[in-house]
Amino acid sequence: MLKYDALIIGSGLAGLTLALKLADQKKIAIITKKSMLDGASAWAQGGIAAVLSPEDSWAEHIQDTHIAGAGLCDPATTRFVVENGKAAIDWLIQQGVPFSRDEDNNYHLTREGGHSHRRIIHAADATGLAVQQSIAAKVIAHPNITLLEQHIAIDLITGNKLGLNEQRCYGAYALNTVNGEIITISAHNTILATGGAGKVYLYTTNPDTATGDGIAMGWRAGCRVANMEFIQFHPTCLYHPHAKSFLISEAVRGEGGMLKLPDGTRFMTRHDERGELAPRDVVARAIDFEMKTHGLDCVYLDISHQSKEFLQQHFPNIYARCLELGIDITREPIPVVPAAHYTCGGLMADLDGRTDVAHLYAIGETAYTGLHGANRLASNSLLECLVFAEAAAQDILAQQNSSFKELPEWDESQVTDADEAVVISHNWAELRRFMWDYVGIVRTTKRLQRAQHRIQLLHEEINEYYTHFHVSSDLLELRNLVLSADLIVQSALSRHESRGLHFSKDYPETLAHAVPSILTPGNYRS
Ligand SMILES: Cc1cc2nc3c(=O)[nH]c(=O)nc-3n(C[C@H](O)[C@H](O)[C@H](O)COP(=O)(O)OP(=O)(O)OC[C@H]3O[C@@H](n4cnc5c(N)ncnc54)[C@H](O)[C@@H]3O)c2cc1C
């Protein structure tokens, strides 16, 4: 049994930031499914929102967040995150992140949809990679941090599971995906920093790691989840047979990119007076509408009116990737489709990142803090990772460590090798296809019920598989994806209105009073 003061599950921005903030005083383990930079954080292009300019104000950032969130953002959380924004960016600058500068050598701030000011600090168009590389180097160098790559957490070890009738977390079991060994990790505090659940959908901008593992593990451990129906679909994912999940950043629209039909007609102004800078849900629904109306596979994003120098300077990554695929963005429009991008809901966490289970924290995209409401304002999510990593660190550092509990080893005596791996691959494909078709951008009660019925069948099949066979990463991820899908559908069915990212043809109106949809384990069959 391995013993640590803190076990951090996930090496995205939330997990790595927390590790660095604890490591001078605590012994830390980070486990991560693949390699250190494989989460969504390293894929973030646009940047991080914070009030950094004298023309901007906290009040305006808060107001923009509330408007995007369609009345459902938690006011205390929003204020907390916005007010801690500058300190979070200052910390990154201290870590050596090479943010882009303007001609006067000030940090360049860009503007994205829904923001009333230029307030997005960025490192060209590969902000996440620059941030992650800077802090990963410090994590690797820190003697108090043990990094276990190629380890997937299976489940949390809780007092209830140990028969102690205690809502408390003691650590987790994890599978070493290289040698198949299952390790037991005992920790004073366990932190879920596992990212979102975008892989529940057929088309997503998310990396393969985004299978809702933390949300599912937390739910099984007894945590409530909130607002799982609010899945943000990014309007502009590159549509190309050889491009997997490549995002065309919102900043392209921020710098004048126009959405067009194949015949060159600009259409956003017909849907919203803010045109291409309308919030993402409005843009995604407009594209969905145009694609369905005209029977299109994609629409086009045209930034070719900007000079080649401008495009190469502002979007070097997008420019190069498109060119590799034969699309010269300086001369022609970019084919794009909407794709699942961000999980606004998650495990309920307070302003210290604490969940309903003692000594279990949830930070980053895995958590529901109330910041995003019914729709995330662009570039608020990396900020949320930073602010809640700091808050959780302070909360953990204020605790006295107790003694370590002896934990039972993982029991494999009742299982055998799997005989029919096809069950897993088939169910993965089926789940992601029907979630796309039935639980996508525009929903109906009937389609949600169809999805629910299929989820029930998948649950039964996968649980039987899980009980009888050795675990594999595919099986663990599928189990978590099905549970995440179930929570999304249950939340969607419980919302009898359209608000933000949740649009139902059966309930097109927005109710006067906004309430989060909260699911409690035990009240539901999952
Ligand atoms: C293409 C793209 C562009 C984006 N651009 C922006 C942007 O410009 N600005 C912005 O604010 N936000 C952006 N976002 C959103 C933002 O990147 C994410 O919300 C944020 O990075 C989430 O960070 P995280 O630390 O919570 O999770 P992640 O960075 O996703 O990290 C999750 C980690 O958990 C690990 N993990 C998961 N399950 C397990 C398990 N069972 N066991 C062990 N490890 C596990 C993963 O391997 C991974 O290391 C973008 C997202 C995408 C996909």
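Every number for a ligand or one of its atoms is a count from 1 in the order of the listing.
Within 6.0 Å of atom CD in Gln63, 12 or fewer heavy atoms from other residues, nucleotides or ligands are found, so the atom counts as exposed in its surroundings. Crowding of Arg168 atom CZ: a count of heavy atoms from other residues, nucleotides or ligands under 6.0 Å exceeding 12.
Of the protein's non-hydrogen atoms, the one nearest atom 35 (C) of ligand 1 is Gly10 CA, 3.5 Å. Looking at atom 12 (N) of ligand 1, its nearest protein heavy atom turns out to be Ser381 OG, 2.7 Å. Among protein heavy atoms, atom 2 (C) of ligand 1 sits closest to His341 CE1, 3.5 Å. Nearest protein heavy-atom contact of atom 42 (N) of ligand 1 is Ala153 N, 2.8 Å. Looking only at heavy atoms of the protein, atom 18 (C) of ligand 1 is closest to Glu365 OE1, 3.3 Å. Residue, atom and distance of the protein heavy atom nearest to atom 27 (O) of ligand 1 are Gly195 CA, 3.3 Å. Regarding atom 1 (C) of ligand 1, its nearest protein heavy-atom neighbour is Leu247 CD2, 3.5 Å. For atom 14 (N) of ligand 1, the nearest non-hydrogen atom of the protein is Arg376 NH1, 4.0 Å.
Within ligand 1, counting atoms from 1 as listed, the ones closer than 4.0 Å to a heavy atom of Ala193 are 32 (C), 33 (C), 34 (O). Counting atoms of ligand 1 from 1 in the listed order, those under 4.0 Å from a heavy atom of Ile31 are 43 (C), 44 (N). Here is the list of ligand 1 atoms found below 4.0 Å of a heavy atom in His151: 42 (N), 43 (C). Listed by atom number, the atoms of ligand 1 under 4.0 Å from Gly46 heavy atoms are 8 (O). In summary, the atoms of ligand 1 found under 4.0 Å from a heavy atom of Gly364, numbered by their order in the structure, are 26 (O). If you number the atoms of ligand 1 from 1 as listed, the ones under 4.0 Å from a heavy atom of Gly12 come out as 25 (O), 28 (P), 29 (O), 31 (O), 33 (C), 49 (O).
Atom-to-atom distance recorded for Tyr203:OH and Arg432:CZ is 10.0 Å, nearest 0.5 angstrom. Note that OG1 of Thr211 and CG of Asn480 are 6.0 Å apart. Values are rounded to the nearest 0.5 Å. If you take CD1 on Ile191 and OH on Tyr361, they are separated by 7.5 Å, rounding to the nearest 0.5 Å. In this structure, the separation between CD1 on Ile424 and CG on Leu478 is 6.5 Å, given to the nearest 0.5 Å.
Asn380 and His61 share a side-chain donor-acceptor pair at under 3.5 Å.
The aromatic rings of His240 and His242 sit tilted, their planes meeting at an angle between 30° and 60°. Between Phe310 and Phe315, the ring-plane angle classifies as perpendicular under the 30° and 60° cut-offs.
For the pair Thr366 and ligand 1, no heavy-atom separation below 4.0 Å is found. Ligand 1 does not have Ala210 within reach: every non-hydrogen atom of the residue lies 4.0 Å or more from it. For Gln132, the closest heavy-atom approach to ligand 1 does not fall below 4.0 Å. Residue contacts with ligand 1 include Asn206, since one or more of its heavy atoms lies under 4.0 Å from the ligand.
You'll find the side chain of Leu7 reaches within 4.5 Å of the side chain of Ile31, heavy atoms only. Residues Arg479 and Asn463 have side chains in contact (heavy-atom distance under 4.5 Å, counting atoms from C-beta outward). With a 4.5 Å cut-off on side-chain heavy atoms, Ile48 and His122 do not count as touching. Looking only at side-chain heavy atoms (C-beta outward), Leu16 and Met36 come within less than 4.5 Å of each other. In this structure, the side chains of Asn144 and Lys26 stay at 4.5 Å or more apart for every pair of heavy atoms.
Checking Lys33, His234, Glu112, Lys34 against atom 38 (N) of ligand 1, the nearest heavy atom belongs to Lys33. Residue Leu382 holds the heavy atom nearest to atom 11 (O) of ligand 1 of all those in Leu476, Leu382, Thr204, Ile248.
Polar contact check, Tyr342 against ligand 1: no nitrogen or oxygen pair lies under 3.5 Å apart. At least one N or O atom of Leu13 sits closer than 3.5 Å to an N or O atom of ligand 1. For a threshold of 3.5 Å applied to N or O pairs, the pair formed by Ala14 and ligand 1 contains at least one separation below that value. Geometrically, ligand 1 and Ala40 share a nitrogen or oxygen pair separated by less than 3.5 Å. Polar contact check, Thr209 against ligand 1: no nitrogen or oxygen pair lies under 3.5 Å apart. Of the polar atoms of Met36, none of the N or O atoms is found under 3.5 Å from an N or O of ligand 1, judged by distance alone. The N/O atoms of Gly47, backbone and side chain alike, include one that comes under 3.5 Å of an N/O atom in ligand 1. Considering backbone and side-chain atoms alike, Cys385 places every N or O at 3.5 Å or more from each N or O of ligand 1.
A salt bridge links Asp64 with Arg119: the distance from a Lys NZ or Arg NE/NH1/NH2 to an Asp or Glu carboxylate oxygen falls below 4.0 Å.
The proximity of Ile152 to ligand 1, defined as any non-hydrogen pair under 4.0 Å, involves the side chain as well as the backbone. When heavy-atom distances to ligand 1 are checked against a 4.0 Å cut-off, Asp213 comes that close only through its side chain, counted from C-beta outward.
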>> salt bridge (charged side-chain N to carboxylate O under 4.0 Å, His left out) for Lys34 and Glu477? Distances and angles first, verdict last.
In response: CA-CA 13 Å; Lys34 296 191 172 180; Glu477 289 185 335; over 6 Å; no
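Both cation-pi conditions hold for Lys21 and Trp91: the charged atom is under 6.0 angstrom from the six-membered ring centre and inside a 45 degree cone around its axis.
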